[in-house]
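Heads up: the structure comes next, in structure tokens.
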Amino acid sequence: MRIPLSAPDITEADIEAVVSVLRTPRLSIGPKMEEFEKSIADLAGVPHGIAVSSGTAGLHLCLRALGIGDGDEVILPSFTFIAAGNAVLYERARPVFVDIEPRTLNIDPEKLERSITPKTRAIIVVHTFGHPADLDPIMAIARKHSLPVIEDACEAIGARYQGRPAGGMGDFGVFGFYPNKPITTGEGGMVVTRDSQMADTIRALRNQGRRESDGWLEHRLLGYNYRLSEMNCALGLEQAKRIDQILDRRETLAIQYSEELQSIPDVITPPINLKYGRLCWFVYVIRVDNRDAVMETLTEQGIGCARYFAPLHLQPLFAPYTNPRADLKITEHVASQTLALPFFNALTREQIHEVCCALRKT
Ligand SMILES: Cc1ncc(COP(=O)(O)O)c(C=O)c1O
């Protein structure tokens, strides 16, 4: 693509940070992991961070630590990335899909409450496209029904809701650091929590079930190798130092897009000024009725763009769990319209202008 959809932003300092780890004997479970965990936990305003190999692994370990299992129900939006749905299936639980609000594209709190049954064991709230979900009513519902909340903040590092950081409001927060994210570790993720017992369990689960006090050949729990290497952590740590600068830059780009697109009446732009917080500009996703035709035309011109997301309840994988009576109309409608435009730190004003001109013409 002449103008790619996304591109990581790697500086010489990032490269040096990774290379300097390679000059040490400690390539896994070392000081960089501890520093990175602390920096992300601080960002989320909670005491514990547990680095893991991906956002998906983080979501899985939260459900595992909660003891979610056979026949339990976990509520989540259908309009999201496959990872949350997969994590529910890993534990043989049943995903219960709830519709979204049309403006924020986040789970609708009222519909969420109506979906709670005696079998519900947890709620996964996704901060979709970095837009913080309406956590106050959601937490009130969750507390009323004694349900834990996992914030899938993989797309929302640095987002704020009523002054509080995304990832730090629920019982757990999960971040993802895949290369399309505002800060990347190549592959990687982080679970954050206030709960020290849960943090210990998740730490053991990511490391083959070894508790901190156990030896290398002692395994109390059925664990996983979901560790994150020192090289990944060093990269994440270096990137995290620039998070404010990165988020400011991405906000500037989003504003430029929205200003240019204002004059195209067929394009619905994402919300810029939120009632209750600050977005993390992870992606810039517009909505258009004839999305697939628009996407094809832009792609032919070398402009990277993509559909975003495909509803989980329509995936063949989830067919056995789909409730035919569930009302997911907004999810289906929005998913037929969403189009992610090129969005990365080095995107220029000229490139944004070119994308917007191509869109206007299309
Ligand atoms: C909302 C959401 N949740 C979870 C994930 C999974 O993260 P990872 O790709 O690191 O497993 C992603 C990744 O893109 C995501 O966007």
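When a ligand or atom number is given, it counts from 1 through the structure's own listing order. Keep in mind that what you see is a predicted model, and the values were worked out from it rather than measured.
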In Leu63, Val191, Val74, the residue satisfying side-chain contact (heavy atoms from CB on, under 4.5 Å) with Ile150 is Leu63
Enumerate the atoms of ligand 1 whose separation from the nearest heavy atom of Ala83 is less than 4.0 angstrom. 4 (C), 5 (C), 6 (C)
Ring-ring centroid check Tyr308 Phe79, cutoff 6.0 Å: no
No-hydrogen, no-angle side-chain donor-acceptor test under 3.5 Å, Asp14 and Gln239: yes
Any nitrogen or oxygen of Thr56, main chain or side chain, under 3.5 Å from a nitrogen or oxygen of ligand 1? yes
Can you name the atoms of ligand 1, numbered from 1 with element, that are less than 4.0 Å from a heavy atom of Cys154? 2 (C), 3 (N), 4 (C), 5 (C), 12 (C), 15 (C)
Which residue and atom name correspond to the protein heavy atom nearest atom 16 (O) of ligand 1, and how close is it? Glu155 OE2, 2.6 Å
Just to confirm my output: which protein heavy-atom neighbour is closest to atom 5 (C) of ligand 1, and how far is it? Phe81 CD2, 3.5 Å
Check: Phe318 ring centroid to His313 ring centroid under 6.0 Å: no
For Gln262 and Thr269, test the side chains for any donor-to-acceptor distance below 3.5 angstrom and give the result as yes or no. no
Might you work through the side chain to side chain donor-acceptor pair (under 3.5 Å) test for His48 and Glu37, ending with a clear yes or no? CA-CA 7 Å; His48 307 288; Glu37 289 179 337; over 6 Å; no
Do ligand 1 and Asp152 have nitrogen or oxygen atoms that lie under 3.5 Å from each other? yes
Take Asp136 and Arg164 through the test salt bridge (charged side-chain N to carboxylate O under 4.0 Å, His left out) and record every step on the way to the result. CA-CA 11 Å; Asp136 281 346; Arg164 286 167 282 153; 2.8 Å; yes
For atom 14 (O) of ligand 1, what is the closest protein heavy atom, and at what distance to 0.1 Å? Lys181 NZ, 2.6 Å
Which of the atoms in ligand 1, numbered in the order shown and given with their element, are less than 4.0 Å from a heavy-atom of Ser54? 10 (O), 11 (O)
To the nearest 0.1 Å, how far is atom 10 (O) of ligand 1 from its closest protein heavy atom, and which atom is that? Gly55 N, 2.8 Å
If you count the atoms of ligand 1 from 1 in the order shown, which ones are under 4.0 Å from a heavy atom of Val126? 1 (C)
